[in-house]
Amino acid sequence: MNWNEYKNHVKQTDPVGKEILEEAEAEASIISAIIQQRAALGLSQRDLAALCKIPQSSVARIESNKTTPRLDTVLKIFKHLGLTFTVTPADSHKTGKSALTIAQL
């Protein structure tokens, strides 16, 4: 059984495990979008931190998933990276879709 098969098995058989996995996947999507867009714009962590007026160490901790930033910090980072995210109601039991969408401005 590979990782994706295992995740699907857990999501189908363990409601608590499903919630944990979906939360981790949403967080990973946000972190990945930050890293990819920062790199695409040619910004260092230090550059992004200066734009957002936060310490470079905070950007490093966010990107390495060592801390969960506050929503206002995520919004500030997204603004300076030209990213937006939209949260919409979703019935994941019926659709299986994530309620999180990240888009580039």
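Everything quoted here is computed from the prediction, not taken from an experiment.
- L43 places a side-chain heavy atom less than 4.5 Å from the side chain of L81.
- H80 contributes atom NE2, which lies 11.0 Å from atom CG of L75 (distance to the nearest 0.5 angstrom).
- When hydrophobic clusters are built by joining Ile, Leu, Val, Met, Phe, Trp and Tyr residues whose side-chain heavy atoms come closer than 4.5 Å, directly or via intermediates, I30 is grouped together with L41.
- Annotation for E5: atom CD counts as buried by contact number, over 12 foreign heavy atoms lying within 6.0 Å.
- Between T84 and F78, the shortest heavy-atom contact is C-CD2, 3.9 Å.
- For the pair A33 and L83, the tightest heavy-atom approach, listed with the atom from each and the gap, is O-CD1, 3.7 Å.
- Distance check, rounded to the nearest 0.5 Å: CG of N2 to NZ of K7 gives 9.5 Å.
- Side-chain atoms of I62 and I77, non-hydrogen and from C-beta on, do get closer than 4.5 Å to each other.
- Under 4.0 Å is where a charged nitrogen must lie from a carboxylate oxygen, and between K11 and E25 at least one such pair does.
- Atom CD of Q36 is separated from atom CD1 of I34 by 11.0 Å, given to the nearest 0.5 angstrom.
- Side-chain atoms of E63 do not come within 3.5 Å of backbone N or O of I35 as any donor-acceptor pair.
- By the 4.5 Å side-chain criterion applied to Ile, Leu, Val, Met, Phe, Trp and Tyr, V10 is assigned to a cluster that also includes M1, W3, Y6, L21.
- Here N8 pairs with nothing under the side chain to side chain contact (heavy atoms under 4.5 Å, CB included) rule; sequence neighbours left out.
- The side chain to side chain donor-acceptor pair (under 3.5 Å) test with R70 singles out one residue from D72, T73, T67, and that residue is D72.
- Counting heavy atoms from C-beta on, the side chains of S29 and S32 never come closer than 4.5 Å.
- When R61, R46, Q45 are each tested for a side chain to side chain donor-acceptor pair (under 3.5 Å) with Q56, only one passes: Q45.
- Put simply, I31 and I54 are part of two different groups of oily side chains (I, L, V, M, F, W, Y) that touch within less than 4.5 Å, one to the next.
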